[in-house]
Amino acid sequence: MSNSTAAKAKRAGAALGPGPKRAPFVGNLFNFPEKKWYETFSSWATEYGDIVYIDLMGTPMIILNSLDAIQELMEKRMRIHSGRPHTTLVCDMMSWGYILTLLQPNKDFTEQRRLFQKSIGPRVVQEYDSFVQQGCPELLQRLSGFSGEPLAIVTRILTWRRTMGDILTRIAYGEHFFQHHGTEIIKYNIEGLEVIAWAFTRFWFVDVIPLMRYIPTWFPGANFRRVGNQGKHYANLIRYWSFGQVKAAMEKGITDESLVSKYLREGGISEDNLRDAVSAMYAAGVDTTSITITHFLYSITLYPEWQKRIHEEMDGVLGRGQTPTVDDVSKLEILAAVLKESLRWNPPVPLGVPHVSSQEDEANTFPGFVLRDPRLWGEDSQEFNPDRFSPDRNPLADGLPDVWSVPFGFGQRICPGRHLAQRTILLYAAVILSAYEVLPYEGEHLSPNEPFEDSNIRRISHFRCTFKPRS
Ligand code: HEM
């Protein structure tokens, strides 16, 4: 059997698609974008179609731009398309290869995914409603009189207190741990993630020549050794320290509700897999969720007519001034449609997370393109139009893809936190709008083409707004 790149990709199950011109030996090294992948991938999708094939110095990569192609490879053939890329610096030297998002499919992967399914899957996720609801009063209080970048409130300030960071820390490790060490573990997560995000967006020779990891730190150009040690310091804290604290407290007879104490008591999962699975929750859940709420605030500030419709719906269904509960949220259809449209229009992970096939090629699902594909959403797919989800206004509404699924990935690797994310985002959006009108920052005019930051987790840059109490 031929071992050429093309033959490998074919064996992986993909028809070898067209793609940008490849040079001998280096393939697409010189026309692969250094930055703004999202823009280049979008233009390649328009130019070359549903399956774009590229080659980076012998590493074949497929970019999938249609829901059909993604479902065919990632769902029907998930057994061979569910690996992750392995990089020497982040996975080996920084020791982050253990975390579920980067773990290769194996026995540990299956056990950890099962834990997520059992603990925050669709049948049980409501058990955490009280944790989620606890964050509302402080969220409202912090927004009072606030004018500026809401992401700072939703992520940076509130992660220290009561929003996603708190919720996930409490769910994973419990109230006792949260009260005593919440601030520390959240700080370690924030700092650790900054180091990884920085390392991921740079080219490292050690990823091409893994033996370089053994050169001494004093050697000229060995800066990557220091970066590796720094990343490893945080990986160890996040992986072992919090779990050890909860275990030690349990040995002293202190137990409360948390995933760690529950499964340490009940068993059914190895201690190592329990420890590793819960340590992934913060990293994967906080930024994605906070950005989704921020993009929603951007959409309703940009389109005040939709904000008005949500306010009218809330006043009619719940009564003015009532703070909604998780149960109320299911009655708010316009709110749900606007949130879905905002997530479709600007998903936080538009490039997806690469899947590596066991036949060695790498497939990048491209949900950002799929979520704006006119074949799925209609001719106005580039526009913001929540009415597309209303069967009264769009006869095709019932046949649209599920927005609570596509931006969360595919197949065996689909986001295991999506049900929790959906419940939290809907509640926080409703709670904010029950109390505030969200207005453009004084003197600023927003456009539908505001710039976004250039990273895999894609957030709007410098969006500012003002929260005016509803009179
Ligand atoms: C709006 C919020 C969120 C979005 C848009 C999102 C999106 C994603 C995406 C695109 C992936 C990669 C899927 C793939 O490879 O096909 C992923 C994986 C993951 N997500 Fe989320 N996520 C969100 C919230 C959360 C939350 C709240 C948690 C945890 C409680 C979480 C935990 C994870 C984990 C552990 C993985 C890795 C799964 C694996 O590699 O097998 N996510 N997410």
Side-chain angles (χ1 to χ4, degrees), residues 64 70-71 73-75 78 81-85 91 96-106 108-117 119-121 124-125 128 131-132 154-155 159 163-173 189 238 259 273 276-296 339-340 342-357 362-368 370-371 402-429 456-459:
L64 299 170
I70 292 175
Q71 284 168 341
L73 264 79
M74 299 299 150
E75 289 173 357
M78 62 167 85
H81 293 292
S82 295
R84 290 291 196 212
C91 295
W96 280 100
Y98 86 89
I99 203 146
L100 180 57
T101 322
L102 295 175
L103 201 61
Q104 303 304 335
N106 57 20
D108 294 334
F109 168 81
T110 309
E111 202 175 12
Q112 292 186 33
R113 293 277 325 191
R114 206 176 293 134
L115 176 78
F116 272 101
Q117 182 69 13
S119 52
I120 53 170
V124 286
V125 66
Y128 297 96
F131 285 92
V132 178
V154 179
T155 333
T159 26
T163 42
M164 286 315 291
D166 286 11
I167 294 169
L168 294 177
T169 306
R170 281 189 164 110
I171 291 176
Y173 301 109
N189 267 289
I238 291 165
L259 286 178
N273 277 329
D276 290 355
V278 293
S279 78
M281 292 177 80
Y282 185 99
V286 169
D287 268 5
T288 42
T289 311
S290 311
I291 291 170
T292 305
I293 298 174
T294 304
H295 289 178
F296 166 76
L339 244 172
K340 281 201 287 189
S342 172
L343 184 55
R344 182 194 76 81
W345 205 46
N346 287 309
V349 198
L351 292 169
V353 180
H355 290 210
V356 172
S357 100
E362 195 169 294
N364 253 82
T365 59
F366 190 4
V370 169
L371 288 162
D402 182 1
V403 182
W404 290 117
S405 175
V406 177
F408 294 85
F410 303 94
Q412 242 177 338
R413 306 269 353 188
I414 191 169
C415 172
R418 65 195 186 283
H419 307 287
L420 182 66
Q422 178 178 352
R423 276 179 108 72
T424 311
I425 292 164
L426 277 162
L427 179 70
Y428 283 165
N456 197 34
I457 306 230
R458 194 165 176 266
R459 71 191 82 198

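Numbering of ligands and ligand atoms starts at 1, following listing order.
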Backbone N/O of [Y] and side chain of [X]: donor-acceptor pair under 3.5 Å:
{"X": "Tyr428", "Y": "Val132", "result": "yes"}
{"X": "Arg84", "Y": "Val356", "result": "no"}
{"X": "His295", "Y": "Asn346", "result": "yes"}

Under 4.0 Å from a heavy atom of [X]: give me the atoms of ligand 1 that qualify, with their elements.
{"X": "Phe109", "result": "41 (O)"}
{"X": "Leu168", "result": "30 (C)"}
{"X": "Ile425", "result": "1 (C)"}
{"X": "Ile120", "result": "30 (C)"}
{"X": "Pro348", "result": "5 (C)"}
{"X": "Phe410", "result": "16 (O)"}

Run through the protein N/O/S atoms less than 2.8 Å from atom 21 (Fe) of ligand 1 and write them out by chain and number.
Cys415 SG
Any idea which heavy atoms bring [X] and [Y] closest together, and the distance?
{"X": "Met281", "Y": "Leu259", "result": "SD-CD1, 3.9 Å"}
{"X": "Thr288", "Y": "Gly285", "result": "OG1-O, 3.2 Å"}
{"X": "Phe116", "Y": "Pro416", "result": "CB-CB, 3.6 Å"}
{"X": "Pro407", "Y": "Pro347", "result": "CB-CB, 4.2 Å"}
{"X": "Ala283", "Y": "Asn189", "result": "N-OD1, 4.3 Å"}
{"X": "Tyr282", "Y": "Gly165", "result": "CE1-CA, 3.5 Å"}

Heavy-atom nearest neighbour in the protein, as seen from [atom], with distance rounded to 0.1 Å:
{"atom": "atom 1 (C) of ligand 1", "answer": "Thr292 OG1, 3.2 Å"}
{"atom": "atom 12 (C) of ligand 1", "answer": "Val353 CG2, 3.5 Å"}
{"atom": "atom 38 (C) of ligand 1", "answer": "Arg113 NH1, 3.3 Å"}
{"atom": "atom 16 (O) of ligand 1", "answer": "His355 NE2, 2.8 Å"}
{"atom": "atom 10 (C) of ligand 1", "answer": "Pro407 O, 3.5 Å"}
{"atom": "atom 13 (C) of ligand 1", "answer": "Arg413 O, 3.2 Å"}

Measuring from atom [atom1] of [X] to atom [atom2] of [Y], what distance do you get when rounded to the nearest 0.5 angstrom?
{"X": "Thr365", "Y": "Ile414", "atom1": "OG1", "atom2": "CD1", "result": "10.5 Å"}
{"X": "Ile291", "Y": "Leu343", "atom1": "CD1", "atom2": "CG", "result": "11.5 Å"}
{"X": "Asp402", "Y": "Lys340", "atom1": "CG", "atom2": "NZ", "result": "7.0 Å"}

Non-hydrogen atom of [X] closer than 4.0 Å to ligand 1:
{"X": "Ile171", "answer": "no"}
{"X": "Arg84", "answer": "yes"}
{"X": "Gln422", "answer": "no"}

Under 4.0 Å, heavy atoms only, figure out whether ligand 1 is touched by the backbone of Thr365, its side chain, both or neither.
neither
What do we get for Leu103 next to ligand 1 when only non-hydrogen atoms under 4.0 Å count, side chain, backbone, both or neither?
neither
Tell me whether the rings of Tyr98 and Trp96 are parallel (<30°), tilted (30 to 60°) or perpendicular (>60°).
parallel
Quick one, Leu351 and Phe366 - any side-chain contact, counting heavy atoms below 4.5 Å?
yes
Hey, mind stepping through Thr424 and Ile167 against side chain to side chain contact (heavy atoms under 4.5 Å, CB included) and telling me if it holds?
CA-CA 10 Å; Thr424 311; Ile167 294 169; 4.2 Å; yes
Any N or O of Gln412 closer than 3.5 Å to N or O of ligand 1
no
Compute the shortest N/O to N/O distance between Thr289 and ligand 1 and return yes if it is under 3.5 Å, no if not.
no
